[in-house]
Amino acid sequence: MTGFDAVFLSFDEPLASVLHARIERVLGRPVKRLHGVHGMRRAYRLCADAVDSEAFFLADGDFEIDDRFDASAVAPLAEGVAMRVWQAVNPVNGLTYGYGGMKLVRTAALRQMGEAFDVLAALPGKVEFAKVVAGVTRFDQSPFHAWKAGFRECAMLTRGCEYGTASADARFRIASWTDRGDGPYGEWAVLGAREGVSFADSEHRAEAAGFDLINDPAWLHRRFHQAHGAALPAGAR
């Protein structure tokens, strides 16, 4: 058994309790859960306060860990590396990259986090991307959650990935998000992706304060319902 603690960070995801129980089963230990904290930077810092190990596994509230993920085989972070990110499969468009993937985060680095729109991109130190799939990012749990995922990810890809993703890779990912939407809520993810591109490209190209709204759950919820509330099925409003 590895000495890394683990935290499951959820906010309002409908399947969060199920996925939390799953990650505890796969890791074979209790996984601390932080739920409903407002402010992404505050939530991440509270994760650091909840653990005792020098680095810890961090999973989002929509992450479905693969049964084959072997935590005991995970190596410690090398000197100067603040975070390792494993890949996750996107169930809506088939992309596989770091979006929504499992993370191993250096606790001290999280406590010294700077400012970035993609909050964990502001960790002091290098980010290491593992070429291994650790699970599926199940963001497609409702029309709103699917829309929000597409909106935020494509807004950040359009503005410029803070992890240094090559422009050709970013364009390919945007094209995939905005073109393909499998599953019951896939069309909402595509809609959100297209609106995220427009938001970054037109509304807030140079306005940093406005762009940071993508990290405000209340603003995202209002934007979605003001634009699309009338189109929602009765049980999803």
Side-chain angles (χ1 to χ4, degrees), residues 9-20 22 36 40 59-66 87-102 117-119 133-161 163 165 167-205 210-237:
L9 179 60
S10 57
F11 186 73
D12 63 357
E13 302 84 357
L15 294 179
S17 292
V18 172
L19 298 178
H20 176 242
R22 179 186 177 91
M40 293 182 69
D60 295 333
D62 53 13
F63 180 67
E64 180 183 87
I65 191 170
D66 192 297
Q87 296 180 342
V89 175
N90 184 317
V92 168
N93 55 43
L95 288 173
T96 300
Y97 63 109
Y99 174 76
M102 172 80 100
F117 297 118
D118 191 336
V119 180
V133 174
V136 179
T137 177
R138 295 286 181 193
F139 61 83
D140 56 334
Q141 299 178 29
S142 75
F144 170 65
H145 290 87
W147 175 91
K148 179 179 71 171
F151 185 92
R152 293 189 69 252
E153 178 67 355
C154 283
M156 286 187 282
L157 287 170
T158 300
R159 184 180 177 91
C161 178
Y163 291 108
T165 301
S167 58
D169 289 339
R171 289 194 299 271
F172 175 76
R173 291 171 185 173
I174 291 169
S176 298
W177 274 96
T178 56
D179 180 63
R180 177 180 170 185
D182 296 337
Y185 305 119
E187 63 186 278
W188 293 101
V190 171
L191 183 61
R194 292 173 180 172
E195 293 178 8
V197 170
S198 176
F199 175 80
D201 203 32
S202 303
E203 297 181 44
H204 291 288
R205 176 178 288 277
F211 192 82
D212 200 40
L213 289 168
I214 67 169
N215 293 324
D216 183 341
W219 180 86
L220 288 164
H221 197 268
R222 285 195 304 272
R223 184 179 179 108
F224 173 75
H225 283 277
Q226 287 171 359
H228 307 298
L232 290 172
R237 293 178 186 173

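Ring-plane geometry between W147 and F144 is classed as parallel, the angle between the planes falling under 30 degrees on a 0 to 90 degree scale with a further cut at 60.
Taking 4.5 Å as the limit, some side-chain heavy atom of V133 sits within range of a side-chain heavy atom of V89. F63 has its side chain within reach of M102: a pair of non-hydrogen atoms, C-beta onward, lies under 4.5 Å apart. Under the 4.5 Å side-chain criterion, counting only non-hydrogen atoms from C-beta, L15 is not in contact with E64.
Summarising the geometry, atom OG belonging to S176 is positioned 10.5 Å from atom CG belonging to L157; distances are rounded to the nearest 0.5 Å. Taken from CZ in R138 to CZ in R22, the straight-line distance is 8.5 Å, to the nearest 0.5 Å. Expressed to the nearest 0.5 Å, how far CZ of R194 lies from SG of C154 amounts to 10.5 Å. Note that CE of M40 is 8.0 Å distant from CG of L9, once rounded to the nearest 0.5 Å. Summarising the geometry, atom NE2 belonging to H221 is positioned 11.0 Å from atom CD belonging to Q226; distances are rounded to the nearest 0.5 Å. Atom OH of residue Y185 and atom CD of residue E187 lie 10.5 Å apart, to the nearest 0.5 angstrom.
In the model, N93 has no side-chain atom that pairs as donor or acceptor with a side-chain atom of R173 under 3.5 Å.
Between the Q141 side chain and the D62 main chain, no donor and acceptor come within less than 3.5 Å of each other.
Taking all atoms of both residues into account, the shortest heavy-atom contact from A200 to F211 is CB-CE1, 3.8 Å. Heavy-atom minimum distance, P143 versus L232: CB-CD2, 3.5 Å. Taking each heavy atom of I214 and M156 in turn, the nearest pair found is CD1-CG, 3.6 Å. Contact between F139 and P91 at its shortest, heavy atoms only, is CE2-CD, 4.1 Å. In this structure, E13 and H145 approach most closely via the heavy-atom pair CA-NE2, 4.0 Å. Across all their heavy atoms, V92 and A189 have their closest contact at CG1-CB, 3.9 Å.
For the ring-ring contact (aromatic ring centres under 6.0 Å, His included) criterion with W177, the lone passing option out of Y99, W188, Y97 is Y99.
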How far apart are the C-alpha atoms of I174 and T158, what are their side-chain angles, what is the distance that settles it, and do they pass the side-chain contact (heavy atoms from CB on, under 4.5 Å) test? CA-CA 8 Å; I174 291 169; T158 300; 3.6 Å; yes
